[in-house]
Each structure stands twice: as C-alpha cells, then as structure tokens.
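Quick caveat: nothing in here was measured; it's all calculated off a predicted structure. Positions are given from 1, in the same order as the sequence printed here.
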Amino acid sequence: SRLVRLYYSVARAVRFSQPAPTPMEATAGIATTPEAMGVEENGWVLEGPSELMPKEEVVAMGPAMPASMPALRVEAALERPSTTAEAHELAAVLSVVAPVVDSAARAPLRLVAVLDKSGSMRGDKLRLVQQTMRFMLRHLGEQDQLGLVEYDTTVKVLAPLTACDMHGHEKLDAALARLRPGLQTNLSGGLLKGLDLHRKGVGVARALGTSMQRVRFGNTYRCSSREDAEARRPLGVRPPPSSAEQVHEWTMELRFESPEDATLVRKVRYTLHDSFANPVLEVIEPPFRLTRLGWGTFTVKAELILNDGRTLQLEHDLTFGPPETFRTVLLPLRPPLPSVHALTNPAELEEAVVRSTFLFTDGLANVGIQKTDDVCKAARGALEELGDRRCTLSTFGFGIDHSAALLQGLAEVGGGIYSYVESEDQIGQAFGEALGGLLSTTHQNAQLSLKLTPGVTLARVCTDFAYERSEEDGAQTVVVEAADLFAEERRDILVMLKLPSAIDTDSDQVLGHFCARAFSVVMSRSEAVGPVELVVTRQASVDAVEKNPHVERHRSRYLTTEALTAANQAARHGQLAEARRILSEAASKLSASDLGAHGDSVILGLIASLTDCQNDLRDQHQYRSVGDKKMTCMTMAHTQQRAMNLEATDIYGTTITRSMKSYFQSSVTR
C-alpha cells in the first residue's frame, strides 16, 4: 500500500508540473493528433471539424458568442492503420473532447444540497459540512441559486433555491447556522424533498412560455380466469404461443391533474401490437381508457390530438403483474403564449442552466424508504417528474457506515458521481472538486454517433453509458449518450468492429463515419462536430506493427472496470478469495501488455488501482469498512472518466476541478 501511495503522489507531482493537458494526457501523454503519436496521418487518429447546427436547428438564447469561442472536438482512433484482408474484428476508440473555456463564460448554476444531520454527524463532521457549504457560497454569484435541505428523522427545507446575491448569501448563511445534530436517517425523505426544490419554480418559468400540465400515463392490470377469457371474443389475429395464455386484461389510461386539463385533449389515438385485429384505435372521452385482453407485453404508442390542432406523442411499456403502473409526464396541453420572446430572460431558459443535487450522508437509511432498489426507484420517478428541470444527482458518503451500493445506485440514476469521503479531513476537497466540475460545465447531453459502412458490423460497445443500435439499408448505427462534459473532459468509447473479407487488397476501406453533438451551455445552442471518416488499409499480409497506444489504454481501462465490478460483486456475496483472484488476474494481464512492460503511466495507474483494492479484501471487516466503498467509487470513476475524490481517480481531473479540490482542501480545516 505504501508503493501505491508513492505512485499516486509521483503521478500527481508530474501532472501538476505540466501546462494544462487534457485529463488522461496529464499522466499518460495520450496523443490527440497523428504527429504527436509518431504516425502518419493515414486515418489512424483523425479529428473532425466543429460547426454549429444549421440555423433552423439552433435555439438562440442569448447574445452571439465570439467566433473564436473554443468548440467541441471529436477524434477517432483505430487499433492499427492497416490490417489483413480476412474477416476479423478491429478495435476503435471514439472520442469527444470538451474545450478549455474562460471561467467567466459559464452557465448559471442551480444547486440543492441535501445535508444529513443525524446523530452520527455530531461534532466535527457537521461543523466541517457547515464550513464547506459557507465556503461554496463564496464561489457562487448573483446568477446562481442554492437550496438547502436538512434531514434526520424528519425533513426540513432550510432554504428554497435562493439567488446568491448579497441578500441571498446572508439568508443562506443564517440557514446553515441553524444546522443541529438530530436523531435517525430519513435519507429518502431528504432526497425527495431536495429534488422537489428544482420543481418549485416550474410554474413561474412556464408562465413565460408554454405552460406544462402534469398527466399520469400508464396501465392497470387484472389476470382473468380462463373461463372469463374464453367467454370474450378473441381480439388477436394470431393465436397466442403455446406457452402463453390470453388471460391478461389491461387498461391504458391518462389521469389528468385537473378536469380542465382533460378538456384540452380532443381524442387519443392508440397504436397496439400488430397481432391485434385493430391495432390502431381512437378514444374520444376522458380519461381515454382502452381495455384489451391479451397474452404478451409490448410498447403502446399514444398520440394525443389537442383541440388547437397540435399532437403530442407518448409511449408506455405495457406491464403485467402490479395492479397499476403509471408515470408522471409533463405535457404542453395549453397553447403557447404569444409574447414568449419578449418576456423571457435568456439566462433563465432551462437549456442555459446547470442543475444538480448533492446528497451527503454518513450512515444507513433507517427511516422512510430503506431498501436500495426502492429508494432508487423513487429517485428515478422524482427526476422524471422534473421534466426539463431535471437535474444531475451526486452522492457523497462519509466514513465506514454508509451504503456504497445505495449511493452508487442513486448517482447512476441521476447521472452524477459517487464520492467516497474516507475521513472528515476530505469533506472540503470532495465538495470542492464536485463544485468545480459543475461550475465548468461546457456541454450537456453529449451524443456520439457512429454510422458504419454496409458490410461492417458492430461486435461490441464497451461502455456503461446508455446506447442504442439501429440498422437501415444494411448500415448499422450506434448512438451513445455520454452525459454532460466539464471543460477539458473527454469521453472515449471503445468499440469492436467486425470487418468483412476484403475483395481488393492494398486499398483503403471506409469503415464508417463518426460525429457528435451536444448542447453548449457556454454558447447557448446545439453544437455538432464531425464527421470523421474511419479508414483502414486492407492488405494480403501485414507486418507486425505496434498497436495504437491510445486504443490499448482504453482497452485496459475497460478491462479494469470489468474486473472491479466482478470482484465487488463476488465480495458482496462473501467470496473474498474469488474477488482477490479476479483483481490479481486483471493486474497480471495489464502488467504483461506491451504498454505495461514499457512502464506506461496510465497502465501503471490502473494496476495501482487494482492492487489498492486487492489490499482491502484481506478480511470482511476491511472490505465492508473501506474496500466496498473504494471499489465502487473507482469503478464509477474509470467508467465515466471523471475524478471522484480518490487519488486513483485524479487522472481524470481537469484544471478547474483540481484547483477547486486543492483550494477547498487547504481552506476547510478542523
């Protein structure tokens, strides 16, 4: 463990001595141009142009930014510049890179802090949290808003989202001064109340544009007896499979918040599975119920035809089992107001605001909703109800008593981070690093899209980010949802491509085209970059050539995250020996790789992560106290390529997150 700490300290010293590199370049020297990698510009590593979306696709929400404003960038790297003519797999890395921006050019922040004040927070922990929150206030300006929620056995809003001007600072500071330790831990209650603070302003914001109405959409369910089912006329054009019974009675329905909202809908057109004799049906009376008897589930599509002629599209995955399955959706049932542009302040439009919730805890939920799956389900529902005020959710776990599985699950649901705060001395630096990221957000909802040439197919997408695959006219496409980006951050997605046999040798083959798009909160508009053409030379025979180190580093990163996930799952089932074996084998593979044998600093850093976690698997007490939390945090950090307080994750830090982490660390003290 001393060697692991020595590695981290040396890597950190080397990184800070270099001039503001991109995160993984900081310790690894990952090249972003062909020249920097010592190869010719032959399609091995390619960069694409950046351009704004066509004028009709741009939503302008503020004054035009200078033409020199840094832009998003895409890169594509192939495992090799040339390959054989036989059919085989080839690895590639698709990358999107956020620009370095002036810290003054940022979007307003809406942050809600949900603070645990249970009895275990008594003493230095609660005092350091108060000190940290006050220090955070110093970095928030008039354009920002901060909300505060405290929870123990009960839940209380200390302050709604409050503008951080001089008067707001005084109110928020006074609210923090009222924090006092309490009793138990109603984590779910505090979290749901915190998320609700983001919703509170919806009515005001909507009054400036299209008003939104809440509608519950879903299905009820009842399992009929065989006798009842047989007595009813079959509605399917095909009989059910031999393993299924046509006994499932379901009803689609829209439940409006008020009767007035229901009158705004003229009719609803449902589209069912094509096994129904009449798959398209219209219902004209609220609550627009449609009841059918069937044998299987499918996605029901609903088209709402409004009285003013507009149409709205909804989808619902039909669910059997629970008596009812509904979700809340926000719909613009009322027509838009005519003077929206005259009334709207561009800085207040939803697309131009960064929203987040921080949840802090040092213990287990023992009041309210307590099971991990149930808490995550409730959080998911609350986030969906926020509509375009949806926020990210990041979690911070102090000490040895919190549930890493719960906080990881919440962070995954909310698209945020889980930060493991091992000791009270790290409270300030953990908050500072996370705040630095929010304050440097450049792009939201980044999407990476790869369209392959017909004949080339996708074998695997090696990422935990959500993605969708489709095919049209023999050409496969994959779209990866890469979440939000902080300044300087990058997302590198490893994909495995299946190449067909090549008829012509000694010729270039276009494998596909890669592009990306995201909403720039700095420029207040959508931004598209690319396309980059992926090209490889097919030859009858190929001499041995060194694999692209950029691709190999990310192949190794993926191997590391897979090993950490598998080892943690084994350890949670009490199989510590199996967990140690998994980590040991992964470390051996990395050590035996070409980059590992040559002392590549990224590979050594990944090996150090695996070794560090292996040391925490020596017994159940050490694993439950530290190992589970450390492995969970490292897995999420390596998966998202984002710093999450631990030294092993500093490799993904940016200039701003590192600076804020260091600043808070030195300023928030006992």
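- Heavy atoms from other residues, nucleotides or ligands lying under 6.0 Å from CD of E468 number 12 at most.
- Between the side chain of R580 and the main chain of L617, a donor-acceptor pair closer than 3.5 Å is present.
- Checked by atom type and distance alone, the side chain of S609 pairs as donor or acceptor with a backbone atom of G605 at under 3.5 Å.
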task: For the pair E489 and R642, evaluate salt bridge (charged side-chain N to carboxylate O under 4.0 Å, His left out) and give the outcome as yes or no after the intermediate values.
output: CA-CA 8 Å; E489 272 195 333; R642 179 161 285 175; 2.6 Å; yes
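- Shown here is E472, whose CD atom has no more than 12 heavy atoms of other residues, nucleotides or ligands within 6.0 Å.
- The two residues A379 and L410 make their nearest non-hydrogen contact at CB-CD2, 3.7 Å.
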- request: Report the C-alpha distance between T392 and S356 in whole Å, list the side-chain angles of each, state the deciding distance to 0.1 Å, and finish with yes or no for side chain to side chain donor-acceptor pair (under 3.5 Å).
  value: CA-CA 5 Å; T392 60; S356 190; 2.9 Å; yes
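- Each of D600, D492, D594 was evaluated against R553; a single residue qualifies, D600, per the salt bridge (Lys or Arg N to Asp or Glu O under 4.0 Å) test.
- When all heavy atoms of V413 and R390 are compared, the closest pair comes out as O-NH2, 3.3 Å.
- Using a 4.0 Å cut-off between a side-chain N of Lys or Arg and a carboxylate O of Asp or Glu, E79 and K547 qualify as a salt bridge.
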task: Decide ring pair (Phe, Tyr, Trp, His ring centres under 6.0 Å) for F358 and F396; before the verdict, give the C-alpha distance in whole Å, the side-chain angles of both, and the deciding distance to 0.1 Å.
output: CA-CA 7 Å; F358 284 179; F396 300 78; 5.0 Å; yes
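- Using a distance-only test at 3.5 Å, with no hydrogens or angles considered, a donor-acceptor pair links the side chain of T654 to the main chain of T657.
- Contact check for D473 versus P454: no side-chain heavy atoms found under the 4.5 Å cut-off.
- Atom OG of S662 and atom CD of Q429 lie 9.0 Å apart (nearest 0.5 Å).
- Side chains of M636 and T639 form no contact here, defined as non-hydrogen atoms less than 4.5 Å apart.
- H88 places a side-chain N or O within 3.5 Å of a backbone atom of E86 that can act as its donor or acceptor partner.
- Side-chain atoms of L604 and L606, non-hydrogen and from C-beta on, never get closer than 4.5 Å to each other.
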query: What's the verdict on salt bridge (charged side-chain N to carboxylate O under 4.0 Å, His left out) for R469 and E471, showing C-alpha distance, side-chain angles and the deciding distance?
result: CA-CA 7 Å; R469 299 168 64 159; E471 185 171 344; over 6 Å; no
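- Checking side-chain atoms of E552 against main-chain N and O of P549 turns up no donor-acceptor pair under 3.5 Å.
- No donor-acceptor contact under 3.5 angstrom links the side chains of E433 and N645, judged on distance only.
- From L497, atom CG reaches atom CG of L78 across 7.5 Å, with rounding to the nearest 0.5 Å.
- With hydrogens and angles disregarded, a donor-acceptor distance shorter than 3.5 Å links the side chain of R658 to the backbone of G653.
- Side-chain atoms of H550 and S95, non-hydrogen and from C-beta on, do get closer than 4.5 Å to each other.
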- request: Show your reasoning for whether salt bridge (charged side-chain N to carboxylate O under 4.0 Å, His left out) applies to R581 and E585.
  value: CA-CA 6 Å; R581 182 195 65 77; E585 286 187 359; 2.7 Å; yes
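- By the 6.0 Å and 45° rule, R491 does not stack over the aromatic ring of F465.
- In plain terms, the two heavy atoms of L646 and K661 that are nearest each other are O-NZ, 4.5 Å.
- In this structure, a donor-acceptor pair under 3.5 Å is absent between the side chains of T441 and D484.
- Note that OG of S440 and CG of L435 are 9.0 Å apart. Values are rounded to the nearest 0.5 Å.
- Contact between D616 and G627 at its shortest, heavy atoms only, is CB-CA, 3.6 Å.
- In this structure a side-chain-to-backbone donor-acceptor pair under 3.5 Å is missing from T649 to A637.
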task: Test Q509 against R538 for side chain to side chain donor-acceptor pair (under 3.5 Å), laying out the working first.
output: CA-CA 7 Å; Q509 179 184 6; R538 305 298 294 272; 2.5 Å; yes
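- At a cut-off of 3.5 Å, with distance as the only test, a side-chain donor of E488 or T655 sits close to an acceptor on the other residue.
- T537 places none of its side-chain heavy atoms less than 4.5 Å from the side chain of T83.
- Here the straight-line distance linking atom CG of L494 with atom CG of L559 works out to 10.5 Å at 0.5 Å rounding.
- In terms of heavy atoms, I603 sits closest to S593 at CG2-OG, 4.3 Å.
- Listed for the E527 side chain is a donor-acceptor partner under 3.5 Å among the backbone atoms of L72.
- A donor-acceptor contact shorter than 3.5 Å links the side chain of S507 to the backbone of D504.
- Applying the side chain to side chain contact (heavy atoms under 4.5 Å, CB included) test between V480 and each of L94, I493, V96, L450 identifies I493 as the sole match.
- Defined by atom type and a distance below 3.5 Å, a donor-acceptor pair is missing between the side-chain atoms of T561 and T635.
- Of the listed residues (R618, M631, K630, K629), just one forms a side chain to side chain contact (heavy atoms under 4.5 Å, CB included) with Y623, and that residue is M631.
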task: Mind running ring pair (Phe, Tyr, Trp, His ring centres under 6.0 Å) on H638 and Y652 for me, showing each step along the way?
output: CA-CA 8 Å; H638 287 308; Y652 303 114; 5.6 Å; yes
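- Within the 3.5 Å criterion, the main-chain N or O of D628 finds a donor-acceptor partner in the side chain of T632.
- Residues H316 and K301 fail the side-chain proximity criterion, which asks for heavy atoms closer than 4.5 Å.
- Note that OH of Y467 and OG of S449 are 14.5 Å apart. Values are rounded to the nearest 0.5 Å.
- Residue E562 holds its CD atom at 6.0 Å from OG1 of T565, rounded to the nearest 0.5 Å.
- Looking at heavy atoms from C-beta onward, T442 lies in side-chain contact with P99 at the 4.5 angstrom threshold.
- M634 is not listed as a side-chain neighbour of L610, based on a closest heavy-atom distance of 4.5 Å or more.
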